[in-house]
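A, B, ... follow the sequence lines: proteins, then strands. Residue 1 opens every chain. Because the structure is a prediction, the values reported are computed rather than measured.
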There are 2 protein chains.
Amino acid sequence: MSDPSARTLRLLSLLQARRYWSGADLAGRLGVSVRTLRRDVDRLRELGYPVEASRGVDGGYALAPGAALPPLVLDDDEAVALALGLQSAAGSAVAGMAETSVRALAKVVQVMPVRLRRRVEALRGATVSGWNPGEVADAVDPAVLTTVALACRDAERTVFGYAPPGRARTERTVEPHRLVSLGRRWYLLGWDLDRGDWRVFRLDRLDAPRGTGAVFGPRRFPAGDPAAYVRERIDTAWTRYVVEADVDAPADAVRRRIGRWATVVGERPGGCRVRIEGDDLDWAAAALVVTGAPFRVVSPPEFTAHVAALATRCAAAAAP
Amino acid sequence: MSDPSARTLRLLSLLQARRYWSGADLAGRLGVSVRTLRRDVDRLRELGYPVEASRGVDGGYALAPGAALPPLVLDDDEAVALALGLQSAAGSAVAGMAETSVRALAKVVQVMPVRLRRRVEALRGATVSGWNPGEVADAVDPAVLTTVALACRDAERTVFGYAPPGRARTERTVEPHRLVSLGRRWYLLGWDLDRGDWRVFRLDRLDAPRGTGAVFGPRRFPAGDPAAYVRERIDTAWTRYVVEADVDAPADAVRRRIGRWATVVGERPGGCRVRIEGDDLDWAAAALVVTGAPFRVVSPPEFTAHVAALATRCAAAAAP
DNA sequence: GACACAGCGGACAGGATCTGACCGCAATGG
DNA sequence: CCATTGCGGTCAGATCCTGTCCGCTGTGTC
């Protein structure tokens, strides 16, 4: 361990693996004298990573939170957990969070050893995403997601198969521009080389993407905000409904149980009104079932009919 | 940028920020000659990070997956996404995944700048966890989780408030030993200094934990496997039920929609039998509702009654 | 097949850096 | 008051690092 730069990296990882280190310990681990260790610590501090030192008996060093996040040194298990966590965060509904998660995920996956990638694949089967179950069928393969994200970041020409609804699968060659997450779907905005025009692709209809290795120069996207462009272009025909219902349970309790899917829009003693938006009436009904409380449908009429049908369905299910 | 170790770190981060770099670009960014850049690249390779180089026109450098994950250099947004992702992964049901996620999360949080930590806090409110809603009330505060995880890792004596069910909150001083995740609850196994014995604490009943700074020597846990010990000690009295039902929908479709909560235990043409385990009958009923298909309750009798009640509840809800 | 491009790596010399040793000093806690 | 532990100055010698120069080797294009 003679090389200073290797040692600096190693020191950083040691300081992340355990909080408190005595100077002698660290010096021993790095195979240098304490004096040199002190110099290394100084170097880290100059690089902006605040290493705190305490003197006296039980003194030692600890890496404190600083202005910037230091390079994270993670072991195998942690890396796998991270990849899985980011995958689930990629399905998050928070604006902007999904894109960022995918970016980070792509970064990690790019340099992740193959054996770890295999572990992630294997575990992904076991950990189903927490998405609205009605949408799981449309879920994007994380491998596709990260491949495309990397291609966007690196401006790398990409080939993939694409199957528009009702039409045959074709091969496309595209200069990927931006990934856009709308609702719970992912879209790729890119310049279609075969068509010679900007196109929007739904990621769940896209398969086997691979970079060609060819890097393209920056092509200006003319239409301003990519997200807005995608929003205009996509098929907004799928039924979108807004369900409202009165629930005979305190707003707090309701929020606790179904706050993820519903918003409380009105409150009264012992009850509240909730609104559920989505594109699956069964799901809305299920949410109201989970409250465990009596409720009354306010709107829309289709939902009233749906719940009535559900009543007979349940009655039949409980019949001997 | 004269210091080699700073430069090495920076090179690593550049290689993570973009995939392909030409030698000249990298040298320019680092403020050194191409020759020195080559030497730096060699250094990285010696450290075990496989930097691939390609020659000829459009040649350049790229960081490839190697034997070990290189230190990850993340920007602010990515770090926040990572923390949120790991938080949700900490609620994952996959064995062992939860513990690892928490460990990684603790590692990140320890060195995360305060401003980022605040952003994570703020966003956590917005992104509700994907847990079984029936359990959200028992959710552990991630701050508590990470603090305790760090204390375990660093063998740091810890003080916290603890409120056993039905008894008053008391202050405890503990040498934390292991975090155990069982079902969807978290437990801390530790040596209670006041009681002079090993104790198990439920993390959702624990508040305001803080390290005392005192590091304790390794105290051997005598009873073998901590997880088994905790499993024995905890209150297993909460009702646990197993619901089975026949659903008139193909197994594939059912799995796609409610695979997260139910397992398909039998298959027949056009239908299948599912099993749902948990501690909330409403939740099981909701899962069946989400299938959108007719079903029949097989067992247990309580559930038949529950579904019958649900039928009347729905009928009432749909009544004008 | 010739050519340009871009990475590879040897050699070299001057200068900068790094290291361990030794020193006294400054907090800290018992 | 004392042991412990980190801090930082100084020094000398060894080491390294850097830019320059050069010829070589793949790669893709014309």
Side-chain angles (χ1 to χ4, degrees), chain A residues 1-12 14-15 18-47 49-64 154 156-157 211-217, chain B residues 1-12 14-15 18-47 49-64 154 156-157 211-217:
Chain A
M1 190 56 53
S2 51
D3 186 16
S5 46
R7 220 175 40 226
T8 308
L9 227 47
R10 202 163 139 63
L11 176 56
L12 205 50
L14 286 176
L15 285 174
R18 172 143 62 98
R19 189 134 164 81
Y20 302 108
W21 287 92
S22 76
D25 277 4
L26 282 178
R29 285 299 192 99
L30 299 176
V32 293
S33 69
V34 266
R35 184 65 186 91
T36 300
L37 168 73
R38 275 210 294 280
R39 282 194 269 246
D40 284 354
V41 168
D42 273 350
R43 206 200 323 268
L44 275 190
R45 290 203 257 243
E46 266 166 34
L47 288 176
Y49 309 123
V51 182
E52 284 179 353
S54 54
R55 309 170 159 215
V57 188
D58 271 340
Y61 298 90
L63 186 57
D154 302 330
E156 185 185 5
R157 211 164 271 178
T212 63
V215 174
F216 59 89
Chain B
M1 191 55 55
S2 51
D3 185 17
S5 47
R7 221 176 40 226
T8 308
L9 229 48
R10 202 164 140 62
L11 178 55
L12 207 50
L14 285 177
L15 286 174
R18 171 144 60 99
R19 188 135 164 80
Y20 302 108
W21 288 90
S22 76
D25 277 5
L26 282 177
R29 285 297 194 97
L30 299 175
V32 293
S33 69
V34 265
R35 184 68 186 89
T36 300
L37 167 72
R38 275 209 293 281
R39 282 193 269 245
D40 284 355
V41 168
D42 274 349
R43 205 199 326 268
L44 275 190
R45 288 195 243 219
E46 267 166 36
L47 288 175
Y49 309 123
V51 182
E52 284 180 353
S54 55
R55 310 172 157 214
V57 188
D58 272 340
Y61 297 90
L63 186 56
D154 302 329
E156 184 185 5
R157 210 164 273 180
T212 62
V215 174
F216 59 89

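- If you take CG of L44(A) and P of dC7(D), they are 13 Å apart, rounded to a whole angstrom.
- Summarising the geometry of S22(A) relative to Y61(A), their closest heavy-atom pair is C-CD1, 4.5 Å, with the distance given to 0.1 Å.
- With rounding to whole Å, Y20(A) atom OH is found 14 Å from dG6(D) atom P.
- Atom-to-atom, CD of E52(B) to P of dG26(D) comes out at 17 Å; the value is rounded to the nearest Å.
- A 4.5 Å side-chain heavy-atom check between T8(A) and T8(B) finds every atom pair outside the cut-off.
- Rounded to whole angstrom, the span from the CZ atom of R35(A) across to the C1' atom of dC23(C) amounts to 11 Å.
- Nearest-nucleotide positions on DNA chain D for S5(A) and A24(A) put A24(A) closer to the 5' end.
- Between L30(A) atom CG and dG20(C) atom P there is a gap of 11 Å when expressed in whole angstrom units.
- We find that D42(B) and R39(B) are not joined by a salt bridge, their nearest charged nitrogen and carboxylate oxygen being 4.0 Å or further apart.
- DNA chain D is contacted by both R43(B) and A53(A); A53(A) maps to the nucleotide lying nearer its 5′ end (nearest heavy atom per residue).
- For the side-chain contact (heavy atoms from CB on, under 4.5 Å) with L26(B), the qualifying choice from L14(B), V34(B), D40(B) is L14(B), the only one to do so.
- Between E46(B) atom CD and dC8(C) atom P the separation is 14 Å, expressed in whole Å.
- Regarding contacts with the backbone of dT5(D), every side-chain N or O of R38(A) stays at 4.0 angstrom or more from both OP1 and OP2.
- Within 3.5 Å, a donor on the side chain of R55(B) pairs with an acceptor on the base of dT25(D), or the reverse.
- In this structure, R39(A) places its CZ atom 16 Å from P of dT15(D), rounding to the nearest Å.
- Between S33(B) and dT18(D) there is no side-chain polar atom (N or O) within less than 4.0 angstrom of OP1 or OP2.
- The listed nucleotides are dG8(D), dT19(C), dG6(D); the one nearest the side chain of D42(A) is dG8(D).
- If you measure from atom CG of D40(B) to atom C1' of dC8(C), you get 15 Å, rounded to the nearest angstrom.
- The closest side-chain heavy-atom distance from Y49(B) to L9(A) is below 4.5 Å.
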